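The chains referred to below are lettered A, B, ... by the order of the sequence lines, with proteins before strands, and numbering in each begins at 1. Predicted model, so just to flag it, every value in this text is computed and none were measured.
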Amino acid sequence: MSILKLDGVTKRFGGLVALSDFTVNIEDGEIIGLIGPNGAGKTTAFNVITGVYKPEQGRVTFIDRDITMLKAHPRTAMGICRTFQNIRLFDQMTVLENILVAMHIRLKKSIFSVVAGSPGYQKREKEMKEEAFELLKYVNLDHLANERAPNLPYGQQRRLEIARALATNPKLLLLDEPAAGMNPQETASLMEFINKIREEFKLTVFIIEHQMMVVMGICKRILVLDYGKTIAEGTPREIQNNPKVIEAYLGVKDSA
Amino acid sequence: MSLTHFFQHLANGVYLGSLYALIAIGYTMVYGILRLINFAHGELLIVGAFIAYYGILIFHLPWWFSFIIAIALGALVGVSLERVAYRPLREREAPRISLLVSAIGASFFLQNLGLVIIGGRHKSFYRPPFFAQTVQLGDVTVMNFLFVLPLITIIILGIVFFLVYRSKTGMAMRALAKDYPTARLMGININRIIAYTFALGSALAAIGGIMYALRYPAIHPLAGVLPGLKCFIAAVVGGIGNVPGAVLGGFILGMLEIMGIAFFPHLAGYRDAIAFIVLIIILSFKPTGLLGEQVVEKV
Amino acid sequence: MTKQRKIIFLIGALIVSGFLIYANFFFDAYVLRILNLIAIYMSAALGLSLINGFTGQFSLGIAGFMAVGGYAASLLTLPIAVKESIFFIRPLIWPFNSLELPFIVGILFAALMTAIFSFLIGFPVLRLRGDYLAIATLGFSEVIRVVSTNTITITNGALGLKGIPAFTNVWWSFGFAGFSLFVIWRLINSSYGRAFKAIRDNEVAAEAMGIALFKHKLLAFVIGSTLAGIAGALLAHLLTAIDPAMFRFFLTFNVLLMIVLGGMGSITGAVIGAAIVTFLFEFLRYLDSPMELGFITIPGAPGLRMVIFSTLLIVMILFRRQGLMGDKELSFAWIEGKLSRFFGRRGDENVNP
């Protein structure tokens with residue numbers, strides 16, 4: 001079953017075509033990689049999927065529903081969530097609160113019942129805190145629950161960002177360069193972690209990554225973007241041997 | 001409305017418009033570089049007007065010399081303001097809202113210092129005979145300055161455009177406005193350029209203040225607040241950070257204010273609300289103003 | 001809330017009530033007036049703090065909403081005879097000319113009107129960000145003031161309203177300050193409060209986590225403005241006279257100073273800031289008027305007080321940007337810690353239950 005479909009999506013910024021006629025079909029439960037040189041339009045693709053940008057042409061379909069023009073936040077409620085290339089945590093909040101923010105969409109209580117402290121809300125708040133704590137335990141951050149997010153070391157901030165995305169109950173998780181700035185050891189444990197959460201939460205994972213070790217290691221299928229166009233698609237082995245990909249990366253005609 | 005009356009209103013509109021344009025340029029230049037609404041810019045108008053006033057009254061300077069001194073000292077006040085209230089925050093990389101709060105504080109400081117030193121009574125500004133001569137236009141009489149000052153404005157605008165778009169310092173200013181970190185890496189002396197921008201903007205404010213005082217010759221320490229706000233709005237309407245935009249915004253607001261009241265005299269009481277209403281309408285449709293660049297936030 | 005905390009809360013409430021009863025009996029009218037002002041500004045500062053401090057939407061329109069609240073309530077509570085005598089240029093329009101309602105109705109009407117106004121104003125302006133938002137809210141506040149100067153058949157124009165019944169007393173003002181404190185405290189520590197703070201910390205990430213940005217900004221804006229509007233109503237019934245000039249940018253400046261001084265992201269900070277600024281404002285009143293120093297008289301300098309206040313604001317932002325409290329709170333855990341130390345036993349330090 002297809003979970004996400006992009007059909008001929010084009011996004012321009014002024015004269016620059018960031019994404020051109022981009023088409024991809026992601027199956028439920030798949031783990032798929034998106035690679036390409038800097039400025040190839042990878043993050044733009046994520047921004048179109050999550051609703052930060054609206055494309056000029058093309059359609060975005062999520063579980064049989066056309067979401068091309070839908071705002072960003074209802075998409076999260078439908079089950080699309082992401083992390084960011086440059087970590088975006090809530091800096092003045094604790095680790096636990098960062099997780100709780102992501103549960104706010106599932107609160108379903110009016111502001112009046114919240115201020116009045118209705119028993120229904122208090123029960124819900126307690127459940128949310130328990131659930132958030134469970135999640136933190138699962139990602140091994142529970143001992144830091146009351147620490148402020150920026151005080152965490154880099155690797156743990158990345159993990160917190162993924163945990164925060166998980167707290168929205170996503171079906172499709174978009175990871176934007178999760179291994180950026182990590183050493184090989186951290187990268188290996190991240191790969192293990194991604195596989196683990198995919199099984200546990202029954203996720204479809206779409207991942208942008210520069211470290212070939214990660215994409216080659218966990219993805220069954222890889223897409224290659226260059227100048228906003230898909231230049232190759234296939235298994236890791238096929239991609240590794242594709243002359244176009246080699247050209248894009250090594251820059252035969254000085255294109256990198 | 002007779003044709004001659006219409007032309008008189010038109011002349012008034014051009015006058016007010018060019019006055020607003022001059023002051024709005026100062027706002028826009030400072031905003032372009034610091035991303036800061038210099039709330040105290042309106043006070044710099046009055047600083048200029050009062051220095052000119054006292055130059056003539058106490059030191060018996062010839063009016064033109066007094067005006068020049070006022071413009072120079074106005075620039076100096078602007079530079080000191082930046083040095084004391086904004087630079088320390090800039091160097092500590094404070095959030096922009098802190099700079100805004102500091103600017104609001106500086107504005108109130110200057111207003112009330114003016115009240116303490118000068119007092120709250122209106123002072124009548126000296127109108128040199130050169131400006132006060134009248135011209136007969138059909139059956140209405142108009143004072144000379146209504147024609148002279150737009151001309152001066154055009155000359156000053158020419159100078160400003162030259163300084164911003166043709167001079168080397170202007171190039172550094174624009175580089176700083178475009179990309180602060182890169183400009184810094186390129187070896188631009190940031191503090192010097194910012195001081196230069198404040199000097200230029202504040203000198204324009206002083207000129208604007210003197211022109212304002214020539215038109216409405218009762219000056220008061222708090223008299224800069226409203227024109228200051230309106231000119232800021234002119235800069236925003238035109239697209240803040242954009243010099244031609246400030247000129248456009250200034251003329252739109254000046255014209256609307258004069259013509260609005262000319263055609264709908266019963267709305268005269270709402271005169272001071274016109275600028276704000278224009279602001280709200282423009283921002284609803286073009287959030288970065290008429291000529292402003294669309295900002296795409298990088299995610 | 002644990003039992004221990006309930007006891008602390010109760011003791012605190014009792015001390016405040018006891019103080020107010022004492023004040024009501026033994027303090028003179030001048031001191032009572034200052035106490036009332038402190039409580040009223042606390043509510044307004046808490047409202048502004050919710051919008052500017054917790055949700056990060058820098059609004060400069062608080063004076064406009066205080067004006068709406070002040071006028072709305074006064075138009076209902078002013079006695080009919082007074083209305084007839086003060087509206088001598090042009091008569092007051094129906095239905096206000098034939099209404100004379102109790103204070104509580106006036107306050108509820110003030111709340112309703114500021115909620116409606118802030119909703120209508122928030123709708124276009126909250127799409128703007130940063131200083132654009134600041135200038136647009138300031139613009140609306142000025143428009144409200146200009147309109148209230150011109151709609152003579154409702155507001156009596158520049159003459160303003162006089163003879164408003166002096167209904168505000170310490171019970172009303174401190175009661176409402178307590179109510180505001182309760183509402184903001186509950187809100188900030190709830191899921192909605194976390195959503196507000198998330199918007200302040202990182203708008204892009206907040207939206208990606210499914211938070212409806214506009215809805216939450218509007219919620220904070222309407223709630224904060226409504227608290228300020230009710231504060232305006234209480235102010236009108238304390239001073240017994242209002243006019244458009246009272247609600248200049250100057251008033252917004254004062255409330256802004258309170259939250260900057262106290263700390264923009266702190267409830268306790270807003271309360272402390274309101275108390276200090278209001279107290280200083282009254283205490284320094286002598287600077288603006290002539291002063292007798294035994295044998296010489298120093299002429300007063302109108303404006304000197306505001307020179308000091310604006311200097312205070314600049315110094316604060318230059319040297320202690322986070323304000324007195326930063327984003328910390330005077331919390332139960334803190335009080336418990338102090339108490340247990342005072343009683344010489346180590347309390348169980350449950351920082352976050």
Side-chain angles (χ1 to χ4, degrees), chain B residues 31 35-37 39 84-85 88-89 92 94-120 221-222 225-226 229 232-233 236 240 267-281 283-284 287-289 295 297-299, chain C residues 52 56 58 60 121 123-125 127-136 138-147 149-152 157-158 203-205 208 248-250 252-253 256-257 260 264 287-288 301-319 321-322:
Chain B
Y31 190 91
R35 311 275 143 191
L36 160 75
I37 301 177
F39 257 89
V84 175
L89 285 168
R92 262 171 270 161
R96 273 167 59 195
I97 289 306
S98 301
L99 271 145
L100 186 65
V101 173
S102 189
I104 294 172
S107 163
F108 272 84
F109 177 80
L110 287 174
Q111 280 171 30
N112 289 287
L113 192 66
L115 276 180
V116 171
I117 296 172
I118 296 161
L222 303 188
V225 179
L226 218 49
L229 270 176
F232 174 69
I233 290 169
V236 174
I240 195 145
L267 292 182
Y270 291 95
R271 178 176 176 156
D272 292 335
I274 292 175
F276 293 105
I277 292 165
V278 172
L279 170 82
I280 289 153
I281 294 171
L283 285 186
S284 308
T288 49
V295 214
E297 194 179 353
K298 225 168 143 40
V299 178
Chain C
N52 292 23
F58 201 84
L60 292 177
I121 290 172
F123 217 80
V125 299
R127 296 183 190 282
L128 306 169
R129 283 190 198 153
D131 22 38
Y132 286 96
L133 175 67
I135 202 77
L138 170 61
F140 263 115
S141 177
E142 283 294 298
V143 170
I144 288 174
R145 195 177 58 79
V146 172
V147 169
T149 317
N150 284 281
T151 49
I152 298 173
E203 219 175 288
V204 174
R248 285 179 182 279
F249 184 41
F250 171 76
T252 301
F253 173 88
L256 182 69
L257 174 62
V260 170
M264 285 258 255
L287 288 178
D288 282 16
L304 189 53
R305 199 166 39 149
M306 281 309 288
V307 170
I308 292 173
F309 270 50
S310 44
T311 313
L312 180 63
L313 183 76
I314 297 175
V315 166
M316 205 64 202
I317 210 78
L318 287 184
F319 300 106
R321 207 163 62 220
Q322 71 277 33

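Under the 6.0 Å cut-off for aromatic ring centres, C:F249 and B:F39 qualify, their centroids lying closer than that.
In this structure, B:F109 and C:S310 approach most closely via the heavy-atom pair CA-OG, 3.1 Å. Taking every heavy atom of both residues into account, C:L318 and B:P88 meet most closely at CD2-CB, 4.0 Å.
With a 4.5 angstrom heavy-atom cutoff, C:M264 touches chain B only via side-chain atoms. In this structure, chain B has heavy atoms under 4.5 Å from both the backbone and the side chain of C:V307. Neither the backbone nor the side chain of B:V225 comes within less than 4.5 Å of any heavy atom in chain C. Heavy atoms of C:A134 lying under 4.5 Å from chain B belong exclusively to its side chain. Proximity to chain B involves both the backbone and the side chain of C:I135, based on heavy atoms less than 4.5 angstrom apart. Contact annotation for C:V147: both backbone and side-chain heavy atoms come within less than 4.5 Å of a heavy atom of chain B. Using a 4.5 Å cut-off between heavy atoms, B:S98 contacts chain C through both its backbone and its side chain.
You'll find the side chain of B:L267 stays beyond 4.5 Å of the side chain of C:N150, heavy atoms only. A 4.5 Å side-chain heavy-atom check between C:R321 and B:L89 finds at least one atom pair inside the cut-off. Residues C:I314 and B:V101 fail the side-chain proximity criterion, which asks for heavy atoms closer than 4.5 Å. Using a 4.5 Å heavy-atom cutoff, the side chains of B:N112 and C:L304 are not in contact.
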Query raised in the report: Passes side chain to side chain contact (heavy atoms under 4.5 Å, CB included), B:I97 versus C:D131? Steps please.
Result: CA-CA 8 Å; B:I97 289 306; C:D131 22 38; 5.9 Å; no

